[in-house]
Amino acid sequence: MAGIRLQPEDSDVSQQSRAVAVAASDLVSDDDRSVAADSWSIKSEYGSTLDDDQRHADAAEALSNANLRPNSDYSSDKDEPDSEAVSSMLGFQSYWDAAYADELTNFREHGHTGEVWFGVDVMEVVASWTKALCVEISQGRIPNDVDAVKAEASELDDKLLSSWSVLDIGTGNGLLLQELAKQGFSDLTGTDYSERAVNLAQSLADRDGFSNIKFLVDDVLETKLEQEFQLVMDKGTLDAIGLHPDGPVKRMMYWDSVSKLVAPGGILVITSCNSTKDELIQEVESFNQRKISTAQEIEASKDEESCREPPFQYVSHVRTYPTFMFGGSVGSRVATVAFLRK
């Protein structure tokens, strides 16, 4: 899997900032990982020690080297990687625990917010575009591939959005949920498998006046949540999962789990820098086919009729990210795609 990628024309983009270029010899122990986390802790307008150009260069170098090994037998996120898996450090929980320990310390000592993954501009676009999409769906209008979701505010918006239950998986510092709260959403929950990330997100929310946002420690691949949500957000979590040496297996686990978290008629919004819009759609179609095949097998074995409708349907994607030309192709570095849960 590539890191920062050229999205095809018609896809969405931005910079992947949640990455780090560190030599294999620097990533042997947990202590060394903590030192590595110190070296890249967020460098944004919220209080950085590295300029954005250097941070983006480091991110590009790290992600461009993130080539996965062949699938191995399933291994837990809690397992320690060997030196061959150094290019996939971002796929391990121990990496993020060290990173968020550093950010939590920076917050407590200096008030720094920490990293804004993909950047503030992309986060704001995702939040406003998602709001417009949810308003349209609340009013019975589901855009198709040729329709653009238009963010036109109205007095009715807040009333419509107040009924939407929202889950942000892999919430990190929780800033996306704060942005969604500003857009009018009020029933907000964020989960992350790193307890330190959850502590940071809760501290930031309390400081910034968003104490109503709930944060829970939960691994989306082994979720303990029993509630279904009308809106599920993923900003970079699927990317990180894919960087694990067993990424392909874990991505299948991801879709099985997420399909149970999105309520029927609800929306899943994924923002990625590792997959294009078309690749995300293809991955969803593959999941749909797998679920249909499983249902047919159960139907045949029990001589019962089962539902053969695909779980997810592509709805729309962000079209307003900046584009650039490279090698004769026009594209971007981030894709935000919405899927309807059938």
Side-chain angles (χ1 to χ4, degrees), residues 7 10-18 44-46 113 115-190 201 204-205 208-210 212-213 229-239 262 266-273 277 280 314-323 332-341:
Q7 308 277 349
D10 178 54
S11 280
D12 316 338
V13 289
S14 154
Q15 301 274 351
Q16 162 60 291
S17 53
R18 199 172 180 170
S44 69
E45 62 187 69
Y46 293 96
T113 297
E115 175 181 12
V116 181
W117 205 357
F118 298 116
V120 176
D121 290 345
V122 169
M123 181 176 68
E124 292 176 347
V125 168
V126 169
S128 61
W129 180 84
T130 299
K131 169 187 177 178
L133 176 63
C134 291
V135 167
E136 291 200 13
I137 290 175
S138 295
Q139 296 175 331
R141 300 192 301 268
I142 300 180
N144 57 41
D145 189 35
V146 298
D147 292 332
V149 177
K150 298 179 177 61
E152 297 178 356
S154 71
E155 295 181 359
L156 184 61
D157 289 358
D158 287 350
K159 293 182 179 179
L160 294 174
L161 297 177
S162 64
S163 64
W164 283 74
S165 55
V166 181
L167 173 67
D168 182 24
I169 54 178
T171 193
N173 55 21
L175 293 183
L176 176 59
L177 287 172
Q178 290 194 26
E179 198 64 34
L180 289 170
K182 296 174 186 176
Q183 295 292 335
F185 293 94
S186 56
D187 185 358
L188 299 161
T189 302
L204 289 169
D208 297 338
F210 297 98
N212 62 306
I213 301 177
F229 297 82
Q230 290 171 285
L231 173 62
V232 174
M233 304 293 296
D234 175 339
K235 186 164 70 73
T237 298
L238 184 58
D239 285 349
V262 186
I267 295 294
L268 169 66
V269 176
I270 297 179
T271 299
S272 170
C273 79
K277 179 205 77 173
L280 287 172
Y314 163 74
V315 175
S316 187
H317 68 279
V318 171
R319 293 169 168 81
T320 57
Y321 292 136
T323 59
S332 58
R333 293 191 182 91
V334 172
T336 297
V337 188
F339 299 95
L340 175 70
R341 181 70 167 94

Notebook entry, point to check: Is any side-chain heavy atom of L231 less than 4.5 Å from a side-chain heavy atom of F185?
Noted result: yes
Check: What pairs with T271 under side-chain hydrogen bond (donor to acceptor under 3.5 Å, both in side chains), at least two apart in sequence or on another chain?
Finding: T336
Item checked: D208: partners by side-chain hydrogen bond (donor to acceptor under 3.5 Å, both in side chains), with sequence neighbours left out -> Q178
Next item on the list: Please examine the side chains of T171 and L176, heavy atoms only from C-beta on, and report whether any two atoms are closer than 4.5 Å.
Entry: no
Notebook entry, point to check: For the atom pair OG (S163) and CD (Q230), what is the distance rounded to the nearest 0.5 Å?
Noted result: 5.5 Å
Check: Counting distance only, does the side-chain N/O of D168 pair as donor-acceptor with the main-chain N or O of G170 below 3.5 Å?
Finding: no
Note to self: Working to the nearest 0.5 angstrom, can you tell me the gap between I169 CD1 and T189 OG1?
What the structure shows: 12.5 Å
Notebook entry, point to check: For the side-chain contact (heavy atoms from CB on, under 4.5 Å) test, which of L238, T237, L280 pairs with S272?
Noted result: L280
Check: Can you list the steps and then say if S165 with D187 is a side-chain hydrogen bond (donor to acceptor under 3.5 Å, both in side chains)?
Finding: CA-CA 5 Å; S165 55; D187 185 358; 4.8 Å; no
Notebook entry, point to check: Who are the side chain to side chain contact (heavy atoms under 4.5 Å, CB included) partners of S138, not counting sequence neighbours?
Noted result: L160, W164
Notebook entry, point to check: Between CD1 of I213 and OG of S186, what distance do you get to the nearest 0.5 Å?
Noted result: 10.5 Å
Notebook entry, point to check: Who pairs with V125 by side chain to side chain contact (heavy atoms under 4.5 Å, CB included), at least two apart in sequence or on another chain?
Noted result: V318, T320, Y321
Notebook entry, point to check: Would you call W129 and V269 a side-chain contact if the rule is heavy atoms closer than 4.5 Å?
Noted result: yes
Notebook entry, point to check: Which heavy atom of G172 sits nearest a heavy atom of A201, and at what distance?
Noted result: O-CB, 3.5 Å
Checklist line | Check: V126 and M233 side chains under 4.5 Å, non-hydrogen atoms | finding: yes
Next item on the list: Go through the structure and list residues passing side-chain hydrogen bond (donor to acceptor under 3.5 Å, both in side chains) with E179, not counting sequence neighbours.
Entry: none
Checklist line | Value rounded to 0.5 Å, distance of CD1 in I270 from NZ in K235 | finding: 14.0 Å
Margin query: Using the rule side-chain contact (heavy atoms from CB on, under 4.5 Å), only one of I142, V262, L268 pairs with L340; which is it?
Written below: I142
Note to self: Between T130 and Q183, is the side chain to side chain contact (heavy atoms under 4.5 Å, CB included) condition met? List the steps.
What the structure shows: CA-CA 9 Å; T130 299; Q183 295 292 335; over 6 Å; no
